[in-house]
Asks: 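Before anything else, here's the structure in question.
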Number of protein chains: 2
Amino acid sequence: MVGEFMATIRDVAKLAGVSVATVSRVLNNQGYVHEDTRKKVEQAIRQLNYKPNAVARSLYKKTSKSIGLIIPDITNPFFPQLVRAVEETMYEAGYTVLLFNSDEVLKREQHIIDLMVTKYVDGIIIVSNTIKYEHLKDLSIPIVALDRVISQEIPSVSVDNYEGARKAVRLLIGKGCKKIAHLRGPKNVFTAEERLRGYMDEMNSQGMETFVYAGNYELNTSMVETMKLLTENREIDGIFAGNDVMAVGAIKAITKLGIHIPDQLKIIGFDGIELGTVITPELSTLKQPIVQLGKKSSELLLNYINGNEKVLRHYVYQAELIERDST
Amino acid sequence: MVGEFMATIRDVAKLAGVSVATVSRVLNNQGYVHEDTRKKVEQAIRQLNYKPNAVARSLYKKTSKSIGLIIPDITNPFFPQLVRAVEETMYEAGYTVLLFNSDEVLKREQHIIDLMVTKYVDGIIIVSNTIKYEHLKDLSIPIVALDRVISQEIPSVSVDNYEGARKAVRLLIGKGCKKIAHLRGPKNVFTAEERLRGYMDEMNSQGMETFVYAGNYELNTSMVETMKLLTENREIDGIFAGNDVMAVGAIKAITKLGIHIPDQLKIIGFDGIELGTVITPELSTLKQPIVQLGKKSSELLLNYINGNEKVLRHYVYQAELIERDST
DNA sequence: TATGAATGTGTAAACGGTTACACATTACTC
DNA sequence: GAGTAATGTGTAACCGTTTACACATTCATA
């Protein structure tokens with residue numbers, strides 16, 4: 001691998017008996033280089049186990065072959081797959097990813113962005129509800145918003161949460177549910193608001209009464225809230241949870257209460273994380289194409305970095321209804 | 001934030017009417033700077049919204065305030081917490097983390113390491129069974145092995161899998177299990193081998209017959225294998241699964257067969273991932289101090305980077321027995 | 001008051017690459 | 001065979017920092 005001594009381009013040049021410019025040319029495969037010279041240089045490179053210094057290159061080129069990925073919290077089961085997809089795609093394109101957990105704290109996000117600017121990252125993928133266009137508009141590096149659209153001016157890759165929610169509700173109705181509650185996600189979170197809106201619109205269009213319960217996309221509060229919901233309102237026979245994690249929490253509560261799923265009560269989640277297939281009963285859900293989201297956002301960012309993408313793009317995917325045992 | 005124009009140290013110097021050396025001195029808070037001069041410089045810095053260029057700094061200092069983190073796969077539920085803890089600790093110390101998923105493919109790991117060397121990362125934390133001391137010995141940057149010990153020569157932070165396994169088996173025996181099977185993890189994986197060894201030793205020391213079934217730390221194969229195990233050998237009344245994911249797979253299979261947990265069969269896992277508390281019945285397990293592992297490995301690495309740590313250290317944590325509903 | 005230490009500042013050379021430009025040489029074209 | 005284009009190579013400036021060194025000035029001490 002690499003020992004204490006690291007050869008520089010000058011060492012290679014000396015050994016090969018050429019100038020550094022020539023070495024650089026063979027390295028980057030550009031400009032004219034005589035075949036014999038190239039051979040000599042390649043030989044010297046091998047002999048010294050020379051690897052061009054990425055930092056020096058960055059300094060001159062103002063590019064680092066790395067991108068920043070800001071997510072709220074990798075511990076949230078939605079993100080590992082997303083991160084994996086991004087890392088994978090970027091790695092194949094020769095880019096390194098700098099990972100940051102922001103907890104959606106604006107101050108922290110801003111600090112992270114400043115940091116990345118000084119490191120010459122070539123682009124940023126961000127998942128955030130707190131950051132707004134005004135915080136980003138002066139930035140000179142490409143940014144894409146992932147999973148949430150931040151503003152019309154920032155390219156994005158996301159899922160149609162509204163339509164997905166309507167599909168979820170429609171399924172429950174189709175299965176004969178008469179009283180359908182919604183365990184909503186946190187306030188001011190884009191995806192949660194959209195899913196709530198979808199629920200409301202679909203319910204209203206069917207002339208059904210709505211029951212909305214607070215939640216924050218987390219398991220434990222969802223358990224508590226479900227307990228409350230079911231004791232307060234015993235005729236509820238369908239629950240649309242704001243995400244799979246909440247649905248799993250709800251299932252725990254429901255099971256604890258001795259209510260049978262899906263006979264007495266049907267439940268559906270949103271996201272399509274693995275957890276849903278692991279629990280009993282397996283969870284029906286609206287599956288987001290997580291890997292595709294990660295991949296597409298990476299490709300989009302790469303296109304912007306390379307200047308291929310000239311117009312602002314917003315990609316929207318549809319969530320896929322996956323029916324399993326909970327409905 | 002940062003616009004198209006990025007001020008350099010020369011711009012600051014010019015505006016403040018001093019030399020770049022002086023600006024550098026106030027920036028790094030070292031050497032003598034007259035109070036009045038410092039004021040002027042700080043004023044200029046603010047005025048230009050100047051942020052020192054990390055890349056240029058790296059080039060000269062041969063340091064990047066970043067570290068590499070190589071894990072097999074972030075998608076494996078053990079890793080998100082670990083990654084979070086590392087990122088957190090590093091961020092607080094002013095370091096950025098470069099994340100890589102290696103799938104434990106040696107070629108890829110080596111390539112990643114080469115890449116990091118050219119990027120002047122200050123250190124590496126690696127989780128790997130494939131990489132060996134010989135691949136690392138020529139490296140001049142600090143490395144620490146996480147979750148697995150690679151060799152005596154590489155500092156490490158890990159868990160006592162052997163003793164943990166013995167504790168798990170002892171619990172099952174204490175609960176009255178007569179025939180205890182082990183769903184083992186993948187061959188040649190350090191943690192899996194240690195847990196197997198713990199199982200064997202504890203069983204043998206109690207004069208009990210052993211039943212070992214193959215597995216690879218994954219859910220689906222675990223389900224299949226459990227089905228096989230229970231049809232082949234109906235008297236099994238205790239299962240020690242190599243990790244929690246396998247335990248969850250086993251529980252699914254067991255539930256499907258209509259066998260009641262924990263009355264007819266008890267099961268215990270290893271890891272202490274969140275998943276275990278989410279399923280029904282909640283899983284008994286040997287909880288690894290995942291956050292501590294991440295934190296300690298980061299601190300250890302930082303100490304090596306800063307030259308504080310002079311002797312090679314191996315930290316070993318004990319897994320904690322957590323009894324829940326599956327036993 | 002002479003002298004050395006402490007304080008304050010600037011110049012220029014690194015760090016390790018890339019590339020504009022200049023200068024040769026060789027290959028075509030008519 | 002002259003003129004032009006294509007090919008091949010080197011020199012040196014540049015990217016934006018840090019720091020060794022030199023040089024001044026001020027301060028303290030005997």
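Residue numbering restarts at 1 for every chain, and letters A, B, ... go by the order of the sequence lines. Since the model is a prediction, treat every value here as computed from it, not as a measurement.
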Asks: Please state whether the phosphate of D/dT9, meaning OP1 or OP2, lies under 4.0 angstrom from any side-chain nitrogen or oxygen of A/Thr37.
Replies: yes

Asks: So, using side-chain hydrogen bond (donor to acceptor under 3.5 Å, both in side chains) as the criterion, who are the partners of A/Arg38 when residues are at least two apart?
Replies: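 Result, side-chain hydrogen bond (donor to acceptor under 3.5 Å, both in side chains) vs A/Arg38: A/Asn29.
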
Asks: At a heavy-atom distance below 4.0 Å, what parts of residues 38-48 of chain A sit against DNA chain C?
Replies: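 Nucleic-acid contacts, sorted: none.
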
Asks: Given the rule in the side-chain hydrogen bond (donor to acceptor under 3.5 Å, both in side chains) test, do B/Lys51 and B/Asn49 qualify, once you have shown the distances and angles that lead to the verdict?
Replies: CA-CA 7 Å; B/Lys51 303 254 163 47; B/Asn49 187 25; 3.2 Å; yes

Asks: Applying side-chain hydrogen bond (donor to acceptor under 3.5 Å, both in side chains), name anything that partners A/Glu274, two or more places apart in sequence or on another chain.
Replies: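 Partners of A/Glu274 under the side-chain hydrogen bond (donor to acceptor under 3.5 Å, both in side chains) test: none.
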
Asks: About how many Å separate CD of A/Glu299 and OH of A/Tyr315, when rounded to the nearest 0.5 Å?
Replies: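 One gets 9.0 Å once the value is rounded to the nearest 0.5 Å.
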
Asks: Round to the nearest Å and state the distance from B/Asp36 atom CG to D/dT25 atom C1'.
Replies: 15 Å

Asks: Quick one, A/Asn53 with B/Thr118, criterion side-chain hydrogen bond (donor to acceptor under 3.5 Å, both in side chains). Give me CA distance, side-chain angles, the key distance, then yes/no.
Replies: CA-CA 5 Å; A/Asn53 181 312; B/Thr118 72; over 6 Å; no

Asks: Which letter, B, S or -, goes with each nucleotide of nucleotides 14-25 of chain C from 5' to 3', with contact meaning a protein heavy atom under 4.0 Å?
Replies: BBBBBB------

Asks: Taking the six-membered ring for Trp, is the centroid-to-centroid distance between B/His111 and B/Phe100 below 6.0 Å?
Replies: no

Asks: Evaluate side-chain hydrogen bond (donor to acceptor under 3.5 Å, both in side chains) for A/Glu153 paired with A/Ser151, printing each intermediate quantity in order.
Replies: CA-CA 5 Å; A/Glu153 290 88 349; A/Ser151 93; 2.7 Å; yes

Asks: Would you kindly say whether A/Tyr217 and A/Thr191 are connected by a side-chain donor-acceptor distance under 3.5 Å?
Replies: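 Yes.
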
Asks: Measuring only between side-chain heavy atoms, which start at C-beta, is B/Lys119 closer than 4.5 Å to A/Ser66?
Replies: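 Yes; the side chains approach each other to less than 4.5 Å.
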
Asks: Side chains of A/Ile126 and A/Leu146: does their closest heavy-atom pair fall under 4.5 Å?
Replies: no

Asks: Indicate yes or no for a side-chain donor-acceptor contact from B/Asn129 to the backbone of B/Phe190 under 3.5 Å, with no hydrogens or angles considered.
Replies: yes

Asks: With a 4.5 Å cut-off on side-chain heavy atoms, are A/Tyr317 and A/Val157 touching?
Replies: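 Yes; the side chains approach each other to less than 4.5 Å.
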
Asks: So that I can tick it off, tell me whether B/Arg148 and B/Glu193 are bridged by a salt bridge, with the cut-off set at under 4.0 angstrom between side-chain N and carboxylate O.
Replies: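 Salt bridge flag = no for B/Arg148 with B/Glu193.
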
Asks: Can you pull out how bent the helix from C/dT1-D/dA30 to C/dC30-D/dG1 is, comparing the axes over its first five and last five pairs, to 10°?
Replies: 30°

Asks: Give every pair of a protein N or O atom and an N or O atom of nucleotides 4-7 of chain D that lie under 3.5 Å apart, one pair per line with the distance.
Replies:
| unit_1 | atom_1 | unit_2 | atom_2 | d |
| --- | --- | --- | --- | --- |
| D/dT7 | OP2 | A/Tyr32 | OH | 2.6 |

